[in-house]
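Below, read A as the first sequence line, B as the second, and so on, with proteins coming before strands; counting in each chain starts at 1.
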There are 2 protein chains.
Amino acid sequence: MATKTIKQTIKIAVDSVIFTVQAGELKVLLIQMKKKPFAGMWAVPGGLIEQQETTEQAARRILKAQTAMSNVYLEQLKTFDHPKRDPLTRTISVAHFALVIGEDVTLKTTDKYTDVRWWSLSHLPTLAYDHKEMIQDAVGRLQAKLEYTNVVWSLLPKDFTLTDLQRIYEIILGISFDKRNFRKKILSLNLIKKSGKQRKGEANRPAELYQFKHRILEYIDVL
Amino acid sequence: MATKTIKQTIKIAVDSVIFTVQAGELKVLLIQMKKKPFAGMWAVPGGLIEQQETTEQAARRILKAQTAMSNVYLEQLKTFDHPKRDPLTRTISVAHFALVIGEDVTLKTTDKYTDVRWWSLSHLPTLAYDHKEMIQDAVGRLQAKLEYTNVVWSLLPKDFTLTDLQRIYEIILGISFDKRNFRKKILSLNLIKKSGKQRKGEANRPAELYQFKHRILEYIDVL
DNA sequence: GCAAAAGTGTTTAACATACACCCATGG
DNA sequence: CCATGGGTGTATGTTAAACACTTTTGC
């Protein structure tokens, strides 16, 4: 070893797989690319990191350019490093995954991209780079993380009903739960509390509104 | 954005946190550094990646330089990217974690380092860079992975006893298990089979030798 | 008064935990 | 024959799973 000392010319990018739950579906934010060789294809938002920032700072900077964020949960996912993943120059991407609350996200358009929009995971368009694999990895991480952390807070507004919470779990995990058992389990975990308020104005019995006790990551056996 | 286009000058390294279980302890392989600014300190083995290799290939290449491997489990751990983690030039490290079988590892020494040896996790020396954090992250990952995968095969030889297996779990997780319950649980998981052989020659009843059915990663609720 | 979602307990099955003695061998 | 670690079963408690009806509201 240590004889071959070719100088590295590798770029470092950050990509963020941004999820939200909207209209009963899990969705991911994609931008449509302008430049070759992926013109017209869709990709997860990303960009090169700057000399003096961490990858997380880069991810937040780039995320701010696409969504007007209110509550963003962000964590490092995995580093994608296949030498041929970018056909132009070798680029290693430190992928992150992010969760935002569906309701209060407004998308911005920039001149760098043709379009920006949410895509349902069940109907994804053709993806650039290795972004299909990246999204699959991120979904797996999200599903796992729902089961052993309280991270679901990052997909819900401050006040929510137990049914809202159950829906999120059902949509992301793709299974349905018994209402009584789900409530029993969640309430026994000591993660949420009653807000005292109710959601009125619908053609049915008003629902109790709950809040998370802590909106920071905690590790707990959820399901 | 997209106005600040400072050219990136960032190096990409790979570091591997290599674990084994030896003499009843969890150990990590460290090399002692020669060069400033960390001369005399210890670090996890690593190096820069080459232009046309993946980080995993780089990790295996570097690992081969330190240990004569027989069975190495290797996976990407996390990317460490603080701008000041390397005081000389900005270097991003894609950390990996590796598991090797204690018995059949022979260490090589190279002229790049003062020394190479296994350190017990309970008595680590002063570590260079952010390698203390890296090792802690790796230990956490190892502990978690023991609980939801069959990865323990990578720490055991082909034939092993149920007591050998139980010891590994106890050492790494730092708790002790009831022998009968542990056996019941492990056998119910359908991960291992009797080899038909026994370990004789010790001053006690011979122990049945078992083998893993599959020496590849599987996801299962182990404990 | 009817449609729609909210809220609420009990029974049963599965799994985890606690626990103690006999067995086969080497020296 | 004794010291050493190997091997085995049962009873109890805890947690998960299955399951159906009443309540409150808007229209």
Practice item. May I ask you to check whether over 12 heavy atoms, not counting those of R183(A), lie within 6.0 Å of atom CZ? Key: yes
Collect all protein-nucleotide pairs involving nucleotides 25-27 of chain D in which both atoms are nitrogen or oxygen and the distance is under 3.5 Å.
unit_1, atom_1, unit_2, atom_2, d
dT25(D), O2, A203(A), O, 3.4
dT25(D), O2, N204(A), N, 3.2

**Study point:** Atom pair distance, as rounded to whole Å: CG in L165(B) and P in dG7(D)
**Key:**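 My rounded result for the distance is 12 Å.
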Check your understanding: Nearest-Å distance, NZ (K194(B)) to P (dG6(D))?
Key -> 15 Å
Review point. Mind checking what makes salt bridge (Lys or Arg N to Asp or Glu O under 4.0 Å) contact with D115(A), not counting sequence neighbours?
Key: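 Counting only residues at least two positions away or on another chain, D115(A) forms no salt bridge (Lys or Arg N to Asp or Glu O under 4.0 Å).
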Practice item. Can you sort out the partners of K194(A) under salt bridge (Lys or Arg N to Asp or Glu O under 4.0 Å), two or more places apart, ordered by chain and number? Key: none
Review point. With a non-hydrogen cut-off below 4.0 angstrom, is T163(A) in contact with a base, only sugar-phosphate, or nothing?
Key: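 Result for T163(A) = sugar-phosphate.
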Which atom pairs, one a donor and one an acceptor, fall under 3.5 Å between side chains of residues 201-210 of chain A and the rest of the protein, sequence neighbours left out?
unit_1, atom_1, unit_2, atom_2, d
E208(A), OE2, Q198(A), NE2, 3.4

Check your understanding: Using a cut-off of 4.0 Å between protein heavy atoms and nucleotide atoms, how would you tag nucleotides 12-21 of chain D 5' to 3' with B, S and -?
Key -> ----SBBBB-
Exercise for review: Can you run down the salt bridge (charged side-chain N to carboxylate O under 4.0 Å, His left out) pairs that involve residues 117-132 of chain B, sequence neighbours left out, and say none if there aren't any?
Suggested key: R85(B)-D130(B)
For [X], ring pair (Phe, Tyr, Trp, His ring centres under 6.0 Å) partners two or more places apart:
X: Y169(A); value: F182(A)
X: H131(B); value: Y129(B)
X: F160(B); value: F212(B)
X: W42(B); value: W119(B)

Review point. Which nucleotide of DNA chain C is the first, and which the last, in the 5' to 3' direction, to come under 4.0 Å of a heavy atom belonging to chain B?
Key: dA16(C) to dG26(C)
Review point. By side chain to side chain donor-acceptor pair (under 3.5 Å), which residues pair with S16(A), not counting sequence neighbours?
Key: none
